[in-house]
Structure formats: C-alpha cells, structure tokens
Asker: 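Sharing a structure with you now.
All values below come from the heavy atoms of this structure, side chains included, with hydrogens, waters and symmetry mates left out. Every value quoted in this text rests on a predicted model; they were computed, and no experiment measured them.
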Amino acid sequence: MRPFEYARPQTEAEAVELLSDHDGKTAVLAGGTDIMNLLRRDAIQPRRLVDIKHISSMQGIRQADGGVLVGSLVTLEDAAESPLLAEHHSVLQVAQAHKAIQIQQAGTLAGDLCQLPHCWYFRNGYGLLGMENGLSMAEAGDNRYHAIFGNRGPAKFVSGSRFAPAMIAWGAKVRVVGPEGEELIPLEYFYATPKTDRQNVTVLKPGQLVTHVWLPSRTADIVSGAYEVLELNGLDRPQAAAAVTLKMQSGIVRDARIVMGHVAPTPWVAQEAANALIGQSVNEDTASRVGDIAVAGATPLSMNGFKVQMARAAVKRSLLRAVGQLDEALV
C-alpha cells in the first residue's frame, strides 16, 4: 500500500473541495468493503483518501419528489429493513443475496453502484483494461468471468455493481455534486465503457461525488424481480444476473424494463427483449422466449460461452420471480 493523505470532511461542500485537488487522483472511502482491498493490491494509487462517513446529509432514507431518496451512506442492511423500500422487491432481493454479514452491515448501496470491476487482471495491477505490452490479457488469457456483451473494444471486464440492474430497471437516478454544482443523472447513463486506463467506469468527473440515489415510488400496477446466477450459493459474486420491472394490467404486460448484470462493462439494458414482452402475459413459455431474445446478440470470448446460458436463465427467472411463478417453475 502506497502512502496517501487522509481527509474527513463534515459536509458535501468540503468533500467536493477535497476531491478536486491532486488532479483528480483521489478516492472516496464510505463503507470501505472494497476500496481497502484495491489499495492493498496497489490497483489504485490515490494521493488522497476522502472519508465521507461523517457527512450527515448523506445518511438516511426519506420520501422525496414522488419517490424514495437513499443517502449514499445507507448500508445494505438498513436498505433491506427500510419500510420505504419494502415494495421495491427486486432491490430487496439483491440486498438479501449478499451473504457476508460484513458487507451487509458496512457496505453501502451507493458504494456498490460505484464499484470498480472485479477483473483479476485489473486487481493484480495490469490497469483497468488489463493490458500487457499493448495486448489484452483477458482476450488472450483466462476470460471465464469476463464480458459477453459490449466487449468489442479494449474493455473486457464486467460491471462490478450488483444493485445497478435492479435500480436501472426501476428508473433510478443518482444525485451528483461537484465543483459546478449538483445534477440528477439517470442511473442508466451513469456508466461508461473506458477505452483507455485514464478513463473511468462512470461519468463522474474529478471532484464529483454521488450523495443520494432516488427511486420512484411503486404503484399498484408495477411488479419487479431480480435473479443472480452464482457459481456457489455462498459469498461468491454472480456470474450473470438480471432484473425486471413490469407494468401490468389484467395480467398483461403494458411496459417492461429488463437489465442484465455481470455480462458487460456496463449494466446491459435488453430493450429488444423488453419490447417483445409488451402485450404478453408472463409464464414459463414467454419468459423462456424473452430470455432467448435477451442473449441473441451475445459475443462470448474464448472461455465464457457458458455465461450466455446463465444470462438467459437469469432473465427468465427474474421475470417469473416478478409475477410470483419462480418457485413452481423450479420444481
């Protein structure tokens, strides 16, 4: 671990000022469940670590603007137990899938949304794109857990966030503050696919900070579901995941959002699959067909073709879970 400055702001404005120094070579400490590993592995080398845990305005969950505003310091455990999020079933299902007590109690929802990739080349010091001598190590080497969508460019990793698919399917937005003020960004447009190691996995600029996540309130005609395919039913990360939010009327889908996770450098919106669901009832047959459509454009690498079937299964099962049919489908 390299030496760095440590700062502990008390307000959002102080945090922005501290994050704006050192030409953006700073990092945010919230729950700390992942960043300490990155520091120990020398995967990131910030000149200043900004500890935001004492900023009171970024704590708590409350109703706001026709939805629910979740502070960036809210832990996964607090989110799972909040009555204000009780109707956002897909979000709760992802929270409950985290098995490690340490992650539940210390990890934050916003921290998960901003999480850096778990690509083993990146985390072993080969840069965000995992390059050596100008060549992609993931393309030439072991790429079992890498992208099957959006992988034509140099980025072969998959997005590290487990909550992003469910949150995007709900139409979530993130409140971002920075040197130029604040803005509300749809989470779908928050992520970016870097082309060089100097770029990032989000659109955040130097000095900017996510302070809150906003979710629209659920109405009676909306159902949601999420499903993660795990290699082991324990502490490992998903191989593929999907989340759906459906607007239903008399058992027929009137609007749909389907988002896959851990299959591309960004959360992957399956728009064509969602469109195919409009006007249909959800059952095992339609869920299977929509799953096929969702993965039709996959471009697996040399060793991860199996992830295509996992992604298909995640879409199918998230749809069935949303309408309460998953248990009978698994019998």
Side-chain angles (χ1 to χ4, degrees), residues 61 66-70 74-99 103-104 107-113 115 159-174 186-188 190-191 213-230 237-248 253-264 266-271 273-274 277 282 286-287 290-291 294 310-327 329-330:
I61 303 173
V68 182
L69 196 64
V70 183
V74 169
T75 66
L76 306 191
E77 183 176 63
D78 290 340
E81 294 176 352
S82 171
L84 294 178
L85 293 173
E87 296 298 315
H88 295 77
H89 294 160
S90 58
V91 176
L92 296 187
Q93 287 157 7
V94 177
Q96 292 162 357
H98 286 74
K99 304 300 184 183
I103 302 297
Q104 295 171 7
T108 63
L109 193 149
D112 172 89
L113 295 179
Q115 193 165 173
S159 173
S161 175
R162 294 176 70 169
F163 280 94
M167 303 291 273
I168 291 173
W170 270 104
K173 299 178 182 180
V174 289
L187 187 59
E188 179 180 352
F190 179 69
Y191 294 96
V213 182
W214 178 86
L215 279 167
S217 295
R218 176 185 178 266
T219 55
D221 57 351
I222 293 179
V223 298
S224 67
Y227 194 91
E228 296 180 331
V229 181
L230 302 173
R237 303 189 60 78
Q239 297 297 299
V244 304
T245 300
L246 309 175
K247 186 174 184 178
M248 308 288 292
V253 178
R254 298 305 180 191
D255 195 14
R257 294 276 285 168
I258 301 174
V259 186
M260 291 184 282
H262 306 278
V263 295
T266 65
W268 196 257
V269 178
Q271 191 60 55
L277 198 55
V282 179
T286 56
V290 170
M310 287 183 169
R312 177 188 178 277
V315 170
K316 175 183 176 180
R317 293 180 179 183
S318 63
L319 284 167
L320 294 175
R321 173 170 275 175
V323 297
Q325 297 181 25
L326 180 59
D327 290 342
L330 296 178

Asker: Would a 4.5 Å heavy-atom cut-off, applied to side chains only, mark Phe163 and Leu76 as touching?
Answerer: yes
Asker: Decide, yes or no, whether a salt bridge links Glu188 with Arg257 under the criterion of side-chain N to carboxylate O below 4.0 Å.
Answerer: yes
Asker: Using every non-hydrogen atom in the two residues, find where Ala169 and Val259 come nearest and quote the distance to one decimal.
Answerer: N-CG2, 3.9 Å
Asker: Of the non-hydrogen atoms in Val263 and Ala311, which two are nearest, and what is the gap between them?
Answerer: CG1-CB, 4.0 Å
Asker: State the NE2-CD distance between His98 and Gln104, to the nearest 0.5 angstrom.
Answerer: 8.5 Å
Asker: Do Pro238 and Arg162 make a side-chain contact, defined as non-hydrogen atoms from C-beta onward lying under 4.5 Å apart?
Answerer: yes
Asker: Looking at every non-hydrogen atom in both residues, tell me the closest pair between His262 and Ser161 and how far apart they are.
Answerer: NE2-O, 3.6 Å
Asker: Starting at OG1 of Thr266, measure out to CD1 of Ile168 and round the result to the nearest 0.5 Å.
Answerer: 7.5 Å
Asker: For the pair Leu92 and Glu87, evaluate side-chain contact (heavy atoms from CB on, under 4.5 Å) and give the outcome as yes or no after the intermediate values.
Answerer: CA-CA 9 Å; Leu92 296 187; Glu87 296 298 315; over 6 Å; no
Asker: On a heavy-atom basis, which atom in Ala314 and which in Ala241 lie closest, and how many Å separate them?
Answerer: CB-C, 3.7 Å
Asker: Is the shortest heavy-atom distance from the side chain of Val68 to the side chain of Leu85 under 4.5 Å?
Answerer: yes
Asker: Can you tell me if Arg317 uses its side chain to pair, donor with acceptor, with the backbone of Val229 under 3.5 Å?
Answerer: no
Asker: Taking the side chain as every heavy atom from C-beta outward, state whether Trp170 and Val91 have any atom pair closer than 4.5 Å.
Answerer: yes
Asker: Rounded to the nearest 0.5 Å, how far does OG of Ser318 lie from CD1 of Ile258?
Answerer: 7.0 Å
Asker: Hey, could you give me the CE/CG distance between Met248 and Asp221, rounded to the nearest 0.5 Å?
Answerer: 10.0 Å
Asker: Check step by step if side-chain contact (heavy atoms from CB on, under 4.5 Å) holds for Leu326 and Tyr227.
Answerer: CA-CA 10 Å; Leu326 180 59; Tyr227 194 91; 4.0 Å; yes
Asker: With a 4.5 Å limit on heavy-atom distance, are the side chains of Val290 and Lys316 in contact?
Answerer: no
Asker: Between Lys173 and Leu187, does the side-chain contact (heavy atoms from CB on, under 4.5 Å) criterion hold? Intermediate values first, please.
Answerer: CA-CA 5 Å; Lys173 299 178 182 180; Leu187 187 59; over 6 Å; no
Asker: When rounded to the nearest 0.5 angstrom, what is the spacing between CG in Asp112 and CG in Leu109?
Answerer: 6.5 Å
Asker: Can you give me the closest heavy-atom contact between Arg237 and Leu230, atom names plus distance?
Answerer: C-CD2, 4.0 Å
Asker: Keeping Gln93 on the side-chain end and Ala226 on the backbone end, is there a donor-acceptor pair under 3.5 Å?
Answerer: yes
Asker: Taking side chain as C-beta onward, heavy atoms only, is His88 less than 4.5 Å from Leu215?
Answerer: yes
Asker: Give me the atom names and distance for the closest heavy-atom approach of Gly261 to Pro165.
Answerer: CA-CG, 3.7 Å
Asker: Is a side-chain donor or acceptor of Thr245 paired with a backbone partner of Ser224 at a separation under 3.5 angstrom?
Answerer: no
Asker: Check whether any side-chain heavy atom of Leu277 sits under 4.5 Å from a side-chain heavy atom of Leu246, and report yes or no.
Answerer: yes
Asker: Is there a donor-acceptor pair closer than 3.5 Å between any side-chain N or O of Ser82 and the backbone N or O of Ala79?
Answerer: no
Asker: Only counting residues at least two apart or in another chain, list the ones meeting salt bridge (charged side-chain N to carboxylate O under 4.0 Å, His left out) with Arg321.
Answerer: none
Asker: So, do Tyr191 and Leu113 sit near enough that their side-chain heavy atoms are less than 4.5 Å apart?
Answerer: yes
Asker: For Thr219 and Ile222: C-alpha separation, side-chain torsions, deciding distance, then whether side-chain contact (heavy atoms from CB on, under 4.5 Å) applies.
Answerer: CA-CA 6 Å; Thr219 55; Ile222 293 179; 3.4 Å; yes
